[in-house]
2 protein chains.
Amino acid sequence: MPSDQTRTAILAAAERLYAERGFSDVTLRDIVSEANVNLAAVNYHFGSKDELIAELFVTRSLALNRERLRRLRAAEEQGGGRAEIADILRALVGPTLRGCLGPENERATAARFMIRVSIESVPPIRRIRNREIDHLRKFVAAMRRALPAHRDVELYWGLHFALAMAQQTVRDTERLAKLSEGQCDVDDVEAVIERVVRVAVLGLIASPASGKTTERAAAVSAR
Amino acid sequence: MPSDQTRTAILAAAERLYAERGFSDVTLRDIVSEANVNLAAVNYHFGSKDELIAELFVTRSLALNRERLRRLRAAEEQGGGRAEIADILRALVGPTLRGCLGPENERATAARFMIRVSIESVPPIRRIRNREIDHLRKFVAAMRRALPAHRDVELYWGLHFALAMAQQTVRDTERLAKLSEGQCDVDDVEAVIERVVRVAVLGLIASPASGKTTERAAAVSAR
DNA sequence: GATAGTTTCATACACACGTTTGAAATGCAA
DNA sequence: TTGCATTTCAAACGTGTGTATGAAACTATC
């Protein structure tokens, strides 16, 4: 029975450091020092540095996608098979933001790591990352049901922008804080989520390709 | 009189490679090979790898900021000192997108390099990057004049989201293309700019903090 | 408690990196 | 041409990296 104590310690330390400093700036020696294990332990338990990164990515990617889908299904179930567009986007960006922002910095590591992944393209990740497309397609399908009058292009752009705002908020919290001199409260995660969702929905609803844009946008913005 | 032929070749090659593959994946040997110069030339002309990056960044950063400000001033002049919010955001995201997207890949290098800069935080850049805050503050000031009823926080978020959508579009063109199976046309740069500006403006106008959100959002989306 | 399998450890290897060196080549003024 | 400064070049240096090795320590089964 292998005691995966060392394994776990390595994974935790690696994720923490990668999230903080990025892949290229973290060496195996940094990781083993942080995890208080021997240098050779990484290669013994994971085979190589790349496989360690890949394992981290697969684990977190699956968890994030599962959480997103869980919330999407819940929203669709509640609406009898058709979820509101706002709820769909909330299911998409919520898990990412919740994991990255907020005062409690412990759980932030996982999602911050995923953001790193979306930035730096280390070889082992690029292969796995194509699966994300399929995952996102499920959200496009849900959006299609929510906004049947919209052309697909508009939905793609809407999803793209929603993710853009969420990820950039995580990535560049520092700049936003400096620019606003702390006025933009990133600790209130739910408020940030609503903000992202609101703008994304507005952009979708008011899309020039769909009819009745005026009333729809007005209805949303009046909430 | 120093013939800066080598210098220029190094700068061009470095920018091209950094834009393509990021800083950490490009070695000096890659650069000098691409530029067809000797390995020692980099240290002779620039002192170190970091100083080469810094020089690239300073040059491009100044150029981008200058272009942005030029367009902002033009918009303000045309409006008699007060520019429309859409024109302000256009002046902000336009130069970035124009430099990065579009079919002609030659000029794309410069802006794509700047995007890399905004992603990877190599030490020499982090120092210089604080100046960007001051630059962005000028746009906040212009936005304040355009939307005097808005609280500053809303303006910060609006600017943040506009930049987010622009930068993510540049950064993740590939994912958007794959997801939409080529339906999202990123080659029509001006259309992309309008798309980003429109969504950002909608988010600002319909901001819950300002009065009369409904009519404003309706007016914009009806255009 | 002996033994086989698993895990840890100190150490070393091979390599790629940024940088340095000193000589050769080049350009330019007198 | 001569003399001097600038620029190029091949080669090497030192360092930090991921990985490999083989012995030691540990664990569990009989």
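Since the structure is predicted, the reported quantities are computational estimates derived from the model, not experimental observations. Labels below follow one simple rule: chain letters A, B, ... track the order of the sequence lines, proteins then strands, and each chain is numbered from 1.
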Provide, to the nearest angstrom, the distance between the [atom1] atom belonging to [X] and the [atom2] atom belonging to [N].
X       : N      : atom1 : atom2 : result
A/Leu52 : D/dT19 : CG    : P     : 10 Å
A/Phe46 : C/dT7  : CZ    : C1'   : 14 Å
B/Ile31 : C/dG18 : CD1   : P     : 8 Å
B/Gln5  : C/dG27 : CD    : P     : 10 Å
B/Ile10 : D/dT8  : CD1   : C1'   : 11 Å
A/Phe23 : D/dT17 : CZ    : P     : 17 Å
B/Asp25 : C/dG18 : CG    : P     : 11 Å

* Is any N or O donor-acceptor pair between the side chain of A/Arg29 and the base of D/dG16 shorter than 3.5 Å? ->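 Counting by modelled atom types and ignoring angles, no donor-acceptor contact under 3.5 Å is found here.
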* **Sequence-distant partners of A/Glu190, side-chain hydrogen bond (donor to acceptor under 3.5 Å, both in side chains), two or more places apart** => A/Arg98
* Asked: Which residues pass the side-chain hydrogen bond (donor to acceptor under 3.5 Å, both in side chains) test with A/Arg145, sequence neighbours left out?
  -> A/Glu76
* Asked: At under 4.0 Å, does any side-chain N or O of A/His45 touch on OP1 or OP2 of C/dT6?
  ->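 Answer is no, no contact under 4.0 Å.
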* Given D/dT7, is OP1 or OP2 found less than 4.0 Å from the side-chain N or O atoms of B/Thr6? -> no
With 3.5 Å as the limit, what N/O pairs link the protein to nucleotides 20-26 of chain C?
none

* To do: In sequence, state the C-alpha distance, the side-chain angles, and the governing distance for B/Asp25 and B/Tyr18, and then conclude on side-chain contact (heavy atoms from CB on, under 4.5 Å).
  => CA-CA 8 Å; B/Asp25 284 350; B/Tyr18 283 148; over 6 Å; no
* Residue list, side chain to side chain contact (heavy atoms under 4.5 Å, CB included) with B/Val32, at least two apart or on another chain ->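 B/Val32: side chain to side chain contact (heavy atoms under 4.5 Å, CB included) contacts with B/Val37, B/Leu39, B/Val42.
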* Nearest of D/dG18, C/dT8, D/dT7 to any side-chain atom of A/Leu28? ->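 Selected nucleotide (nearest to the side chain): D/dG18.
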* To do: Select from B/Ser48 and A/Val37 the residue whose nearest nucleotide in DNA chain C is closer to the 5' end of that strand.
  =>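 Its nearest nucleotide lies further toward 5', so the answer is A/Val37.
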* Asked: Is there any salt bridge (charged side-chain N to carboxylate O under 4.0 Å, His left out) pair reaching into residues 56-65 of chain A, and which pairs are they, with sequence neighbours excluded?
  ->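 Residue pairs passing salt bridge (charged side-chain N to carboxylate O under 4.0 Å, His left out), neighbours aside: A/Glu15-A/Arg60.
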* Which residues share a salt bridge (Lys or Arg N to Asp or Glu O under 4.0 Å) with B/Asp87, sequence neighbours left out -> B/Arg90
* Asked: Hey, what's the ring geometry for B/Trp157 with B/Phe161, parallel, tilted or perpendicular (30° and 60° as the breaks)?
  ->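 B/Trp157 and B/Phe161: tilted rings.
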